[in-house]
S.K.: 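This is the structure, below, for whatever I ask next.
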There are 2 protein chains.
Amino acid sequence: MANTLRAIPLSTVERLSIYLRTLRESLVEGMDFISSTEIGKRNDFTAAQVRKDLSCFGNFGIKGTGYQISELINTLETILGLDREWKVAIFGLGKLGGALACYKGLKSARFNVVAIFDVDPKKVDKTYKNIPVYHSDMLKKVVREKKIQIAIIAVPTDSAKATIQRIIDAGIKGILNFTEARVPYPDEYILKNVNLAGELESISYYLIHSDL
Amino acid sequence: MANTLRAIPLSTVERLSIYLRTLRESLVEGMDFISSTEIGKRNDFTAAQVRKDLSCFGNFGIKGTGYQISELINTLETILGLDREWKVAIFGLGKLGGALACYKGLKSARFNVVAIFDVDPKKVDKTYKNIPVYHSDMLKKVVREKKIQIAIIAVPTDSAKATIQRIIDAGIKGILNFTEARVPYPDEYILKNVNLAGELESISYYLIHSDL
DNA sequence: TCCTGTGAAGTTCTTCACAGCC
DNA sequence: GGCTGTGAAGAACTTCACAGGA
């Protein structure tokens with residue numbers, strides 16, 4: 001059954017993103033319908049997992065046939081909130097911040113970078129790839145005026161904690177953090193950490209512990 | 001009890017990285033011992049979780065006192081394989097690849113970028129930040145000569161699948177993939193995906209579904 | 001007293017297996 | 001025959017709660 005927004009696990013939501021990518025890919029390949037088995041095969045999930053995930057939100061499939069691809073794409077985009085434009089700000093115009101500002105995957109997925117913040121006088125009050133660069137002191141004002149909803153943190157480690165705190169205080173509820181700083185945040189916020197060092201460290205762990 | 005390398009869940013390994021960061025931080029603060037409660041508090045885990053994770057690998061704590069910080073740092077570094085140098089290659093010298101090549105967190109954690117691969121004649125056969133840049137055709141030869149163990153993928157989407165396949169064929173067993181491509185890989189390999197769009201999509205999901 | 005280490009209990013997530021429909 | 005949707009079973013992970021040592 002369907003359509004509750006209660007208690008969907010994060011892992012399910014993350015898989016929806018992956019299913020969506022697979023659906024777009026198979027649409028490009030000219031397919032009309034796709035089965036849970038095929039979605040699973042392309043991503044190394046079980047078919048039951050795929051069906052269970054989708055059934056959290058409704059009955060989208062046709063028995064004996066599978067899922068109508070273009071329809072399911074629309075459905076998943078709506079579920080994930082990709083049917084609207086999100087206003088994103090990047091904090092820190094270093095190498096990583098610059099790379100993220102240029103990243104094609106963002107714009108194409110309705111994540112629109114409308115502001116960059118930095119503290120370097122040489123960077124501030126100019127534009128970078130047509131995106132205005134503001135001094136971080138302008139945070140609250142710009143966030144209010146531009147209705148920024150999502151922050152991406154790519155500042156140096158030593159200023160990360162303070163930056164995140166100010167972003168929380170400014171009321172930006174969605175935060176993607178590329179730094180190592182960890183900051184407590186209110187329940188109604190969502191803060192996700194991407195930890196490059198941590199990823200490599202678990203790779204290192206498994207490389208030395210997979211005996212064989 | 002202790003010290004089996006059986007069946008440690010990925011989530012435990014990933015938390016070890018986080019504990020390690022916390023330990024280094026508290027060492028800098030001048031602490032000698034730290035309790036599971038304090039480690040938990042700084043990262044939003046329960047104390048029992050911290051103790052259970054650590055107890056997978058041995059009895060490192062002192063009852064009534066906690067964990068001796070510098071000792072536990074050494075222990076975790078050994079467990080995670082950070083007591084050796086890892087040779088890393090970056091594939092794709094675009095904005096992201098360049099940012100990763102410069103990233104301080106890598107070198108300081110024993111991940112040494114010893115080669116960059118690209119196909120652009122303007123970039124190949126030069127150095128970038130003192131790291132030699134090779135044409136991707138040289139993959140097998142360079143991997144063998146430099147004993148590269150870990151690959152970071154930052155190539156454009158359309159060449160990603162083929163690149164990853166060639167890296168697998170070349171026998172690099174640890175792969176960190178920043179592209180959207182998904183490729184099946186042998187069991188003894190470890191391939192981790194960092195999906196920026198996916199992270200933002202789950203933020204988007206929770207922003208619209210946290211009623212309140 | 002304080003804090004660890006850990007069985008047992010509890011919770012959450014995944015897979016199984018099959019009824020029902022195309 | 002093929003495939004979905006789903007309750008039930010199973011597996012995996014987390015928390016509880018307490019014995020025991022510093």
S.K.: According to side chain to side chain donor-acceptor pair (under 3.5 Å), who are the partners of R51(B), at least two apart in sequence or on a separate chain?
M.R.: S36(B)
S.K.: Restricting to ring pair (Phe, Tyr, Trp, His ring centres under 6.0 Å), what partner residues turn up for F91(B), sequence neighbours left out?
M.R.: F117(B)
S.K.: Does any residue of residues 64-76 of chain B have a heavy atom under 4.0 Å from DNA chain C, and if so, which ones, in number order?
M.R.: G64(B), T65(B), G66(B), Y67(B)
S.K.: Q49(A) has an atom CD; how far is it from atom P of dA11(D), in whole Å?
M.R.: 16 Å
S.K.: Separation of I62(B) atom CD1 from dC3(C) atom C1', in whole Å?
M.R.: 11 Å
S.K.: Using a 3.5 Å distance criterion without hydrogens, assess whether the side chain of D44(A) forms a donor-acceptor pair with backbone atoms of G40(A).
M.R.: no
S.K.: Does Y134(A) have any side chain to side chain donor-acceptor pair (under 3.5 Å) partners at least two apart in sequence or in another chain, and if so, which?
M.R.: K146(A)
S.K.: Pairs under 3.5 angstrom, nitrogen or oxygen only, protein versus nucleotides 17-19 of chain D, please.
M.R.:
| unit_1 | atom_1 | unit_2 | atom_2 | d |
| --- | --- | --- | --- | --- |
| dA17(D) | N6 | R51(B) | NH2 | 3.3 |

S.K.: Could you check how far CG of D53(A) sits from P of dT6(D), rounded to whole Å?
M.R.: 13 Å
S.K.: Considering residues at least two apart in sequence or located in another chain, which fulfil the side chain to side chain donor-acceptor pair (under 3.5 Å) criterion with R84(B)?
M.R.: none
S.K.: Would you call R24(A) and E77(A) a salt bridge, taking side-chain N to carboxylate O under 4.0 Å as the test?
M.R.: yes
S.K.: Do the side-chain N or O atoms of T46(A) get closer than 4.0 angstrom to the phosphate oxygens (OP1, OP2) of dT14(C)?
M.R.: no
S.K.: Given atom CG of L10(A) and atom P of dC13(C), what is their separation to the nearest angstrom?
M.R.: 9 Å
S.K.: Quick one: list whatever passes side chain to side chain donor-acceptor pair (under 3.5 Å) with T75(B), sequence neighbours left out.
M.R.: none
S.K.: F45(A) CZ to dT15(C) P: how many Å, rounded?
M.R.: 10 Å
S.K.: What residues form a salt bridge (Lys or Arg N to Asp or Glu O under 4.0 Å) with R21(B), not counting sequence neighbours?
M.R.: none
S.K.: Could you list the residues that satisfy side-chain contact (heavy atoms from CB on, under 4.5 Å) with L10(B), not counting sequence neighbours?
M.R.: S202(A), Y206(A), E14(B), K192(B)
S.K.: Just the rounded figure in Å: distance from P of dG7(C) to NZ of K52(B).
M.R.: 7 Å
S.K.: Just how far, in rounded Å, is P of dG2(D) from CD of E38(A)?
M.R.: 15 Å
S.K.: Sequence neighbours left out, what passes side-chain contact (heavy atoms from CB on, under 4.5 Å) with K129(B)? Give chain and number order.
M.R.: K95(A), C102(B)
S.K.: Heavy-atom contacts under 4.0 Å between residues 11-35 of chain A and DNA chain C, which residues?
M.R.: R15(A)
S.K.: Does anything in residues 151-165 of chain A pair up under side chain to side chain donor-acceptor pair (under 3.5 Å), and if so which pairs, sequence neighbours excluded?
M.R.: Q165(A)-D169(A)
S.K.: In whole angstrom, give the distance that lies between atom CG of L54(A) and atom P of dT4(D).
M.R.: 9 Å
S.K.: Please check the phosphate of dT4(D) (OP1 and OP2 only) for any side-chain N or O of S36(A) closer than 4.0 Å.
M.R.: yes
